[in-house]
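Data first, discussion second: the structure below is written as structure tokens.
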Number of protein chains: 2
Amino acid sequence: MSTDTSAAPGPAAGAQATSIWEVARVAGVSHQTVSRVINGKPHVKDSTRALVLRTIEELGFTPNRSAQALAGGLVRSVTVLTVDTALYGCAAALRGIEEEARAAGFTVGISVLEPDAATGTQDVVERLGRPGAPAVVIAFETVGARVLDALPADHPVVGLMERPDSGQQQSGRPQVWIDDRGAAAHATRYLLSLGHRTVHHLSIPSSTSRLTQRTHGWQDALRSAGRPVPTLLDAGWTPRSGYLAASTLLDDPSVTAILCGNDDVALGVLRAAREAGRDVPGDLSVIGFDDAPQSAYLTPSLTTVRLDFEGLGRSAFGLLHALLEPDSAPAPGLWAEPELVVRESSGPAPR
Amino acid sequence: MSTDTSAAPGPAAGAQATSIWEVARVAGVSHQTVSRVINGKPHVKDSTRALVLRTIEELGFTPNRSAQALAGGLVRSVTVLTVDTALYGCAAALRGIEEEARAAGFTVGISVLEPDAATGTQDVVERLGRPGAPAVVIAFETVGARVLDALPADHPVVGLMERPDSGQQQSGRPQVWIDDRGAAAHATRYLLSLGHRTVHHLSIPSSTSRLTQRTHGWQDALRSAGRPVPTLLDAGWTPRSGYLAASTLLDDPSVTAILCGNDDVALGVLRAAREAGRDVPGDLSVIGFDDAPQSAYLTPSLTTVRLDFEGLGRSAFGLLHALLEPDSAPAPGLWAEPELVVRESSGPAPR
DNA sequence: GCTCATGCTGTTACCGCTCCCAGTCATATC
DNA sequence: GATATGACTGGGAGCGGTAACAGCATGAGC
């Protein structure tokens, strides 16, 4: 009796790892047939298919994705490029993407962009691991936008953006966006309608060259109402930054309404207001942006603009999927329009 | 003059994608030398190395990770398995892992576990894409723990856990954990020291078979102080769940101190307390868990147990890295001990 | 001067999978 | 009955890398 090492014809002759060759050997078919079964391709007799499927089950075989990708098969993986996974907007979008991607059998990778990260084409491709690797870029701010620009035009990538300026429908690159400019304008008008003379704005970080669309929307509303546009104040993303920015702003008693770049900033403002002895909404109205899950439970509960980041993420993936597999992919869904959610933190201007 | 299609000896003879063959051809060396340079292996003359490096730069070549993985080279990718990317603890841990992984040149994938997901070995391996693919499992709750169990003992995986019961130092699998049991006990003792007769507890979801370590810690402290242990109340992860659970609890005027399973639950409790006309901390003390970035800015600001999820994530990756590359990996760092952060939401028992 | 170690380089065989192409049948069609 | 289908199946050649081995100089040691 001798060990038969020459039996298996293909690679992995004496191997223990279960490959399609092993499955093929056990099932008594060729590796090609196994491949067909795995990929649900036609031209396999039902009984053969069943046999192979059973064998796969028995052997606990899992196709090796690296090999699939290398052999030029369908890739079924997305990389999400984002600045911060903990920030509510990004986290929610990520969740939407992941959810949809997993449902479609895609693997999702994630790579966090440092604010000062190198964003040359090569740097970005290196993060993706392979030229032509599908990606979703969460590009609400500058770094993301730069990364998006660095990718070649034919690269399968979709961006999650702020609403692009109507003028520059640029790049023809697939993208999904939220009309936060319009939403910010709406929120600002709402505050004016409550009798506030003007509205101050604590902006989330913007590129040095460009204001955020939220800031633009705020300006739009004030200008078209003929109201003075106060100096723009830059906050960060955190409650702390909102708190610091508001601390000085609240020294001015004429400030009666503040539109914040996001809910976290608004939270900081709420805190600063309380410490400054300003009643919200009696003396001061505060509006946030995003409608994070916490915002409804704050004291006072926060009036805010609800943004459907999760839906946006789902759509982004859907768009990418459609790009990759035009036939099999379901049509990408839509996402909810921004909506002003009025709660306790906003009210009539003091008199 | 004719196009020379036979020049390149190896694969990709007439291809346009830049592979190591292309780099080799341009640099006038063999593909193997290019491979050596890429991997920083020895036995390459400095001048040759420089030449290859320059060529790589010029051609904008990026090694194909699928091919590297397939060829049995170092893998340099981790998959994070978690239940929710938006939950503060998970998000922070994920950030820690990603940060450390990227620094080490690893790709990070993420896969969200549904509460009712199939967690057989094969299901999990399928998510990882390849048997033996390194992973970090965020296993603070049941699903994660089950997944961890499903992986074969020799699989390179590290778990982020609650502190295991001292009895069962189980499985020998590498893991990092937070002593939330001790921290919960500490927080409970703190409340008792303020004069509260007992402490109520709103638990985050636990497996049906097992209480969370936080709940255990709470029981520990009450029992060893000889205080009555109130009925355990199950909340969820969200402010809403805390709000709902507290709404009934607060009908009982003897409830003066509540330890919450996390900060979001505590936020809901704060809200419910206000609506019930209970002053915090005058009538009621509330303590959270996690110290989310928002908690310091709430009104009242939240006394909570600070947990270093980010450090935990970094350490988890460090441990995995050391497992994968015992020589080159730096020693995994430590993470901060839990710490009770006393703020405004806790105070002496009412009398 | 010749052997031997040593540094550098190229050749070859895979890794596990998918493509393309060439069979082999059974069933229609003429 | 011979030929054309067409469903099914198998064989081989890569995909872009890495590992193991083999060559070939160069310098040291005898």
Side-chain angles (χ1 to χ4, degrees), chain A residues 5 8-25 27-52 56 59 61-77 125-126 129-133, chain B residues 8-25 27-52 56 59 61-77 125 129-133:
Chain A
T5 51
Q16 66 291 6
T18 93
S19 67
I20 68 170
W21 291 95
E22 177 67 5
V23 175
R25 193 183 59 76
V29 298
S30 78
H31 74 279
Q32 181 56 264
T33 301
V34 177
S35 174
R36 287 196 186 95
V37 171
I38 292 171
N39 296 296
K41 296 248 172 107
H43 302 305
V44 177
K45 204 174 11 175
D46 281 352
S47 61
T48 310
R49 188 182 299 274
L51 169 65
V52 172
I56 287 177
L59 264 44
F61 163 79
T62 305
N64 181 319
R65 277 206 247 264
S66 299
Q68 288 183 313
L70 182 58
L74 52 186
V75 194
R76 300 189 98 68
S77 84
V125 169
E126 195 154 345
R130 183 169 46 81
Chain B
Q16 66 290 9
T18 93
S19 68
I20 68 171
W21 294 95
E22 177 69 5
V23 174
R25 194 182 58 75
V29 298
S30 78
H31 74 279
Q32 181 57 263
T33 300
V34 177
S35 174
R36 287 196 186 95
V37 171
I38 292 172
N39 296 296
K41 296 249 171 106
H43 302 305
V44 177
K45 204 174 8 175
D46 281 352
S47 61
T48 311
R49 189 181 297 275
L51 169 65
V52 171
I56 288 178
L59 265 43
F61 164 78
T62 303
N64 180 320
R65 279 206 244 262
S66 298
Q68 289 183 311
L70 183 57
L74 52 185
V75 191
R76 300 190 98 66
S77 84
V125 169
R130 184 169 45 80

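Quick caveat: nothing in here was measured; it's all calculated off a predicted structure.
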*Between B:Gln68 and D:dT18, is there a side-chain N or O to OP1/OP2 distance below 4.0 Å?*
yes
_On the nucleotide D:dG10, are OP1 or OP2 found under 4.0 Å from the side-chain N or O atoms that A:Thr33 carries?_
yes
*asked:* From CD1 of A:Ile20 over to P of D:dG11, roughly how many Å is that when rounded to an integer?
replied: 13 Å
_Which heavy atom of B:Ser30 sits nearest to which heavy atom of B:Ala24, and what is that distance?_
C-CB, 3.6 Å
*Locate the shortest heavy-atom distance separating B:Arg36 from B:His43; write the atom from each residue and the value.*
CD-O, 4.2 Å
*Just compare D:dG14, D:dG16, D:dA19 and give me whichever is closest to any side-chain atom of B:Leu70.*
D:dG16
*Please report the C-alpha distance between A:Asn39 and A:Gln68 in whole Å, then the side-chain angles of each, then the deciding distance to 0.1 Å, and finally whether the side-chain contact (heavy atoms from CB on, under 4.5 Å) criterion is met.*
CA-CA 10 Å; A:Asn39 296 296; A:Gln68 288 183 313; 4.3 Å; yes
*Does B:His31 make a side-chain donor-acceptor contact with the base of C:dT11, cut-off 3.5 Å?*
no
*asked:* Counting only side-chain nitrogens and oxygens, does B:Ser35 get under 4.0 Å of the OP1 or OP2 atom of D:dT18?
replied: yes
List, with names and distances, any nitrogen or oxygen atoms from the protein found under 3.5 Å away from nitrogen or oxygen atoms belonging to nucleotides 20-24 of chain C.
residue: C:dC20; atom: N4; partner: A:Gln32; partner atom: NE2; Å: 3.1

_Protein-nucleotide distance (B:Arg65, atom CZ; C:dG16, atom C1'), rounded to Å_ = 20 Å
*Has B:Ser30 got a side-chain N or O lying under 4.0 Å from the OP1 or OP2 atom of C:dG10?*
yes
*side-chain contact (heavy atoms from CB on, under 4.5 Å) between A:Val34 and A:His31, intermediate numbers included*: CA-CA 5 Å; A:Val34 177; A:His31 74 279; 5.5 Å; no
*Close approaches to DNA chain D from residues 41-49 of chain A, in residue order (heavy atom, under 4.0 Å)*: A:His43, A:Val44, A:Lys45, A:Thr48
_Can you tell me if A:Asn64 touches the phosphate of C:dC15, counting only side-chain N or O atoms and a distance under 4.0 Å to OP1 or OP2?_
no
_Side chain proximity check, A:Ile56 to A:Ile38, heavy atoms < 4.5 angstrom_ = yes
*Roughly how many Å is it from CZ in B:Arg25 to P in C:dT9, rounded to a whole number?*
19 Å
*asked:* Measure CD/B:Glu22 against C1'/D:dG17 and give the value in whole Å, please.
replied: 15 Å
_In whole Å, I'd like the distance from the CH2 atom of A:Trp21 to the P atom of C:dC17._
10 Å
*asked:* Nearest whole Å is fine: how far is C:dT18 C1' from A:Arg76 CZ?
replied: 15 Å
*asked:* Return the NZ to CZ distance between A:Lys41 and A:Arg49, rounded to the nearest 0.5 Å.
replied: 11.0 Å
*Between CZ on residue A:Arg25 and OG1 on residue A:Thr18, distance to nearest 0.5 Å*: 11.0 Å
*Looking only at heavy atoms, which two atoms of B:Ala69 and A:Ser66 are closest? And how far apart?*
CB-OG, 3.4 Å
*Of all the heavy-atom pairs spanning A:Ala67 and B:Leu70, show the shortest one and how long it is.*
CB-CD1, 3.7 Å
